[in-house]
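As the structure lists them, so they are numbered: ligands from 1, and atoms in each ligand from 1.
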Amino acid sequence: MANQIEALNAQFALADQLRFQTGENGLPRVQITNRLATAEVYLHGGHITAFQPQGSEPVLWMSPLAQFQHDKAIRGGVPIIWPWFGPHAIDKHKPQHGFARTMEWRVSATKALPDGSTQLQLQLNDTPVTHALWPHAFELSLSITVGTELNIELTSRNTGEKTFTAGGALHSYFAVGDVRKIHIDGLLGRHYIDQLDGNRIKQQSDAVYIREEVDRIYFDTEDTCTEGICAIFDAQLLRQIYIKRNGSHSTVVWNPWKDKARAMTDFPDDGYQQMVCIETANAVDDVRHLAPGETHTLSQIIGL
Ligand code: BG6
């Protein structure tokens, strides 16, 4: 491990901005600090576990009980969901939300940008392990830019010889003061699949308030993305988090509330009060069919 960290620092460290270090449970972690913000990224899952603009509170919620293990997804931050969203369509034994969040990603580049932000690029390619779960050749590139905003771009590319279909999500966990005192704008009038009510299709008739367990997939939300109007208004922390998205027509809103929180070993019983997930997704019919050589980019910019 010490050797791996040393080798990564020798090749990719950026003076005063980006260092590799041994993170929780010995997993390699990237620490980014510049004059605009700080962030942390684990190579396990290509997982952003912290983002904090200078002078602000953390934007992302991390579970204090998160498990940092090779075969598990980290709870909180921004899990990378790919190549399917939710349970596998046919085989329930395959991992929920795909495999990208439990694989170790490779560093491909780091860059100090002229505006003071820092960029980290990671990659994941198919291996015999991924072929056993999903029989396709692919290259996934993840570009993470840390500045006053956090810019995440996930590009999937078909490197094989037949078309594949992939879904996914940037499964962001946002930190809020008290989830009962927030509202989410940008989804008014949209239709959604209520995953807690037999997948019934419903229509959002107001801003989104979280007063109970919520697990919804909003569809046809691409215009809310490009106009950047999806936002969390937090009356307790007195702040607004905005999310601008591209390459996504579906948006997932999730809060496990009391019972589900209690049932999860990596989630504190009362943790549901300080978080909400708003996921920039390619879910349900919003999957992408990529012919050989084609690419698709799912991206999200988060800011205060
Ligand atoms: C959301 C799903 O995206 O992720 C929920 O809509 C799910 O149904 C949640 O419970 C968390 O999933 P996981 O696999 O990280 O526990």
Sequence neighbours excluded, every pair satisfying ring pair (Phe, Tyr, Trp, His ring centres under 6.0 Å) that has a member inside residues 185-212: H183-Y209, Y192-Y218
Quick one: pull up CD1 in I48 and CE in M62 and give me the separation to the nearest 0.5 Å. 12.0 Å
Quick one: pull up CD in Q54 and OG1 in T38 and give me the separation to the nearest 0.5 Å. 6.0 Å
Partner residues of E149 under the side chain to side chain donor-acceptor pair (under 3.5 Å) criterion, sequence neighbours left out: Y242
Which residues pass the side-chain contact (heavy atoms from CB on, under 4.5 Å) test with H289, sequence neighbours left out? T163, T165, V287
The answer, listing residues by chain and number that come under 4.0 Å of ligand 1 through any heavy atom, is R75, F85, Q96, H97, R101, H171, Q195, D215, V252, W254, E279
Centroid separation under 6.0 Å, is that true for the rings of F267 and W61? yes
